[in-house]
Amino acid sequence: VNARLGIVRILIVEDDRATARLLEGLVQGWGYEAVVYHSGREALAAIEQRFRADIAILDWMLPDIEGTEVCRLMRADEAGRNVRTYILMLTVRTDRTDVIAGLEGGADDYIVKPFDQGELAARIRVGERTVGLQRTLAGKVRELEQALSQVKTLKGLLPVCAYCKAVRDDSDYWHRVEEYIADHSNARVSHGVCPSCLDRMEQRTFA
Amino acid sequence: VTATTALAAPYADLLSRVGGSEALLIDVATLFLEDGPRQVDSIRRAVEAADANGVRRAVHSLRGSAAIFGAAALVALAQHLEEEAAGGDLERAAARLDELKALVERLRLELEQLVAVRTRPAQF
């Protein structure tokens, strides 16, 4: 689980440029890719344009849109997908009600400004682990869905040619039965001749 | 500026806050040189416009930068302002503006000197 996920992309939404640059510099120094937006609106516009991040660090008090609103819209955008962005809210020590509202509203964790960089790094790694687990699970779900769809194909009604035993697929193509079975299951076909066919062949040969 | 009157944290402390990268420290400090006075202006404008929410947000941003540099006096003042603005008390906030401006200017001068010293070409 601790393995790195390849390049992890971190979205930073923070209106104060000095704080934003500090966050960007720190996470880049730790080997992450950083994308910075200085307002909630810019970040939301990017998300509408299908921008995706593995982890987001959201300042909870932005001048234009509340952090809660950015968080809510990010979550709405993710609905139905198997992998979600891990959202870390950035708040100040006095905003306890913000922390509660943020976590209730879809944030995964929070960090208090001024943040300690060791703590920030550790919290980002927690996010990385969570995203890694989600990806592993999403991969397993995909494998299972594929396996299930193959099982369904073999369970359904197969249109078979009465003479040559070819099988018709969903797009009206005919396949030799051996190919069809190999494509739709883990079974492999080996060839032999059954006794009654052997009899018929011998009769034809020696007739 | 002598060590005893410095508003910002000592250099070694500042460096450790930015992960030991002097280049990053200079970047962040340079941004504050530009934005600090601008943030004070926007706080003043919001106070004049009696926009308590605007004051709160602008002070919040300033407080964030001040905290990076460990400027405890400025952070504390900003926190008072933020709380007063949140409570709708802009008269108290207005009375603190000059002090805020003076502290930001002190921090700005300290950081300006830091940037100048650290980016000075080596002498041979």
Side-chain angles (χ1 to χ4, degrees), chain A residues 10 12-32 34 36-41 57-70 89-98 101 110-125, chain B residues 8-9 13-36 38-39 42-43 46 51 53-72 74-76 78-87 104 107-108 111 115:
Chain A
I10 301 186
I12 295 165
V13 187
E14 163 66 64
D15 65 299
D16 177 53
R17 291 199 302 163
T19 308
R21 177 72 191 100
L22 172 61
L23 286 166
E24 179 188 40
L26 286 174
V27 306
Q28 282 173 342
W30 298 328
Y32 300 105
V36 179
Y37 291 105
H38 292 104
S39 74
R41 255 178 255 288
I57 302 175
L58 295 184
D59 182 16
W60 221 240
M61 197 191 271
L62 294 163
D64 56 346
I65 308 176
E66 294 284 346
T68 39
E69 187 62 6
V70 178
M89 60 187 280
L90 201 55
T91 178
V92 289
R93 199 169 297 280
T94 46
D95 297 339
R96 191 131 312 262
T97 49
D98 274 9
Y110 71 96
I111 188 156
V112 171
K113 276 197 279 191
F115 48 83
D116 173 80
Q117 51 149 326
E119 187 185 339
L120 177 67
R123 289 184 188 275
I124 288 175
R125 280 196 298 274
Chain B
D13 188 8
L14 289 181
L15 201 57
S16 82
R17 285 160 187 253
V18 298
S21 161
E22 188 175 88
L24 180 57
L25 178 58
I26 287 167
D27 268 10
V28 174
T30 305
L31 285 169
F32 181 81
L33 297 184
E34 294 170 20
D35 289 358
R38 225 181 268 165
Q39 284 166 332
S42 59
I43 294 166
D51 172 8
N53 196 29
V55 173
R56 192 169 153 241
R57 282 160 199 280
V59 174
H60 180 85
S61 298
L62 177 64
R63 165 145 76 123
S65 329
I68 297 174
F69 306 108
L74 180 52
V75 171
Q79 189 169 337
H80 284 305
L81 256 162
E82 213 180 311
E83 283 160 11
E84 284 157 11
V104 168
L107 181 58
R108 200 188 63 77
L111 295 176
V115 170

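The shown structure was predicted, so the numbers you read here are calculated from the model rather than taken from an experiment. Here is how names work: the chains are called A, B, and so on, in the same order as the sequence lines, proteins then strands, and each is numbered from 1.
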**Q** Of all the heavy-atom pairs spanning A:Asp59 and B:His60, show the shortest one and how long it is.
**A**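 Closest approach of A:Asp59 to B:His60, heavy atoms only: OD1-NE2, 3.8 Å.
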**Q** Top residue by heavy-atom pair count (under 4.5 Å) with chain B, among A:Leu22, A:Asp15, A:Asp116?
**A**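 Greatest number of close heavy-atom pairs with chain B: A:Leu22.
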**Q** Take B:Arg63 and A:Met61 through the side-chain contact (heavy atoms from CB on, under 4.5 Å) test and state the conclusion after the steps.
**A** CA-CA 12 Å; B:Arg63 165 145 76 123; A:Met61 197 191 271; over 6 Å; no
**Q** If every non-hydrogen atom of A:Thr19 is compared with every non-hydrogen atom of B:Ser65, which pair is closest and at what distance?
**A**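 Scanning both residues, the minimum pair turns out to be OG1-N, 4.0 Å.
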**Q** Quick one: of A:Glu24, A:Gln117, A:Glu14, who has the most non-hydrogen atom pairs under 4.5 Å with chain B?
**A**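 Maximum pair count with chain B is reached by A:Gln117.
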**Q** Counting neighbours of OH on A:Tyr110 that are heavy atoms of other residues, nucleotides or ligands and sit closer than 6.0 Å, is the number greater than 12?
**A**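 Atom OH in A:Tyr110 is not packed in, count stays at 12 or less.
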**Q** Please flag which part of A:Leu62 lies under 4.5 Å from any non-hydrogen atom of chain B: side chain, backbone, both or neither.
**A**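 It is the backbone, since no side chain atom gets that close.
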**Q** Carefully, step by step, assess B:Gln39 and A:Arg17 under the rule side-chain contact (heavy atoms from CB on, under 4.5 Å).
**A** CA-CA 11 Å; B:Gln39 284 166 332; A:Arg17 291 199 302 163; over 6 Å; no
**Q** Could you measure the distance from the CG atom of B:Leu24 to the CG atom of A:Leu26? Nearest 0.5 Å is fine.
**A**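 Reported value, rounded in 0.5 Å steps: 6.0 Å.
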**Q** Less than 4.5 Å apart, side chain to side chain, heavy atoms only: is that true for B:Ile68 and A:Lys113?
**A**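 Contact flag for B:Ile68/A:Lys113 side chains = no.
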**Q** Can you tell me how far the CZ atom of A:Arg21 sits from the CG atom of B:Asp27, to the nearest 0.5 Å?
**A**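 If I round to the nearest 0.5 Å, the distance is 4.0 Å.
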